[in-house]
Amino acid sequence: MTQVINLMSERNLWRYLQRNLCKKGLFSRIENPFYKGIPDVNYLMNGVEGWIELKYVKSFPKKELTPVSIPHYTKEQKMWHKVRYDAGGNTAIILQVDKYYFIFRQDKTALVGHLNYKALKKLADGWWVNKINFKELEQILCKKYN
């Protein structure tokens, strides 16, 4: 039952991103039942191609120091991000927790699932409350790493 709720929320996150980003570039939702590690979205924007994994968690843990666990962030997904990052690819995770949105890029994707509320805010490449600033998100997604 929890998995269905999470998928519905990740779908809603995708719809939100799609409504606000698709006019800025090419965004394709990827559904691949044969390989579990491929992220949810491929994008090409401002000459930068990359991949975005979408994650949703209903709420923060009750204890402030408890990490925000993401049980549906699989080892295959973590490995996919690492291999792509090591090869110079652009990868990101957009995590929604309640009304907060966080983006982690490149090597920071390995941190997702191990950070508490304060650490999420401190270490994210960007974060927003209630709604994403899509101009900032575009800049973050299009930042090239050497």
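In what follows, residues are counted from 1 in the order of the sequence shown.
- For the atom pair CD of E53 and CD1 of I30, the computed distance is 11.5 Å after rounding to the nearest 0.5 Å.
- Hydrophobic clustering, with ILVMFWY side chains joined whenever heavy atoms are under 4.5 angstrom apart, groups V112 together with L123.
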- Message: L26 vs Y43, test: side chain to side chain contact (heavy atoms under 4.5 Å, CB included). Steps then yes/no.
- Response: CA-CA 5 Å; L26 302 173; Y43 70 92; over 6 Å; no
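- The shortest distance between side-chain heavy atoms of R105 and I140 falls below 4.5 Å.
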- Query: For E138 and N46, what are the C-alpha separation, side-chain angles and deciding distance, and is it a side-chain hydrogen bond (donor to acceptor under 3.5 Å, both in side chains)?
  - Reply: CA-CA 9 Å; E138 179 182 355; N46 301 330; 2.9 Å; yes
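- Taking 4.5 Å as the limit, some side-chain heavy atom of L95 sits within range of a side-chain heavy atom of V57.
- Tracing side-chain contacts under 4.5 Å through hydrophobic residues (I, L, V, M, F, W, Y), one never reaches V68 starting from L65; they form parts of separate clusters.
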- Can H81 and Q106 be said to form a side-chain hydrogen bond (donor to acceptor under 3.5 Å, both in side chains), step by step? CA-CA 7 Å; H81 281 279; Q106 308 301 90; over 6 Å; no
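- Other residues, nucleotides and ligands contribute over 12 non-hydrogen atoms within 6.0 Å of the NZ atom of K24.
- Residues E136 and W128 bring a donor and an acceptor atom of their side chains to less than 3.5 Å of each other.
- Contact annotation: the side chain of L21 approaches that of F134 to within less than 4.5 Å [non-hydrogen atoms, C-beta and beyond].
- Atom CG in L137 sits 9.5 Å away from atom CG in N20 (nearest 0.5 Å).
- A distance of 4.0 Å separates CD1 of I103 from CG of L141, quoted to the nearest 0.5 Å.
- Here the OG atom belonging to S59 is positioned 12.5 Å from the OH atom belonging to Y100, to the nearest 0.5 angstrom.
- Within the model, atoms NZ of K122 and CG of L111 stand 12.0 Å from one another, a figure rounded to the nearest 0.5 Å.
- Put simply, the side chain of V48 reaches to within 4.5 Å of the side chain of C142, judged on heavy atoms.
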- Task: Take L17 and L54 through the test side chain to side chain contact (heavy atoms under 4.5 Å, CB included) and record every step on the way to the result.
- Result: CA-CA 10 Å; L17 293 171; L54 305 176; 3.4 Å; yes
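- Between D98 and K58, none of the side-chain N atoms (NZ, or NE/NH1/NH2) sits under 4.0 Å from a carboxylate O, so this pair counts as no salt bridge.
- A tilted orientation is assigned to the rings of Y16 and Y101, their planes being inclined by 30° to 60°.
- Between I94 atom CD1 and F104 atom CZ the span is 11.5 Å, to the nearest 0.5 Å.
- In this structure, F27 and W14 have side chains that are in contact, with non-hydrogen atoms separated by less than 4.5 Å.
- The cationic atom of K121 (NZ for Lys, CZ for Arg) does not lie both less than 6.0 Å from the six-membered ring centre of F102 and within 45° of the ring axis.
- Side-chain contact between H72 and E10: present, with at least one pair of heavy atoms (C-beta onward) separated by less than 4.5 Å.
- Using a 4.5 Å heavy-atom threshold, the side chains of W80 and I38 count as touching.
- Using a 3.5 Å distance cut-off with no hydrogens or angles, the side chains of N90 and E49 do not pair a donor with an acceptor.
- A donor atom on one side chain and an acceptor atom on the other are found under 3.5 Å apart for Q77 and K55.
- In terms of heavy atoms, P67 sits closest to P61 at O-CG, 3.5 Å.
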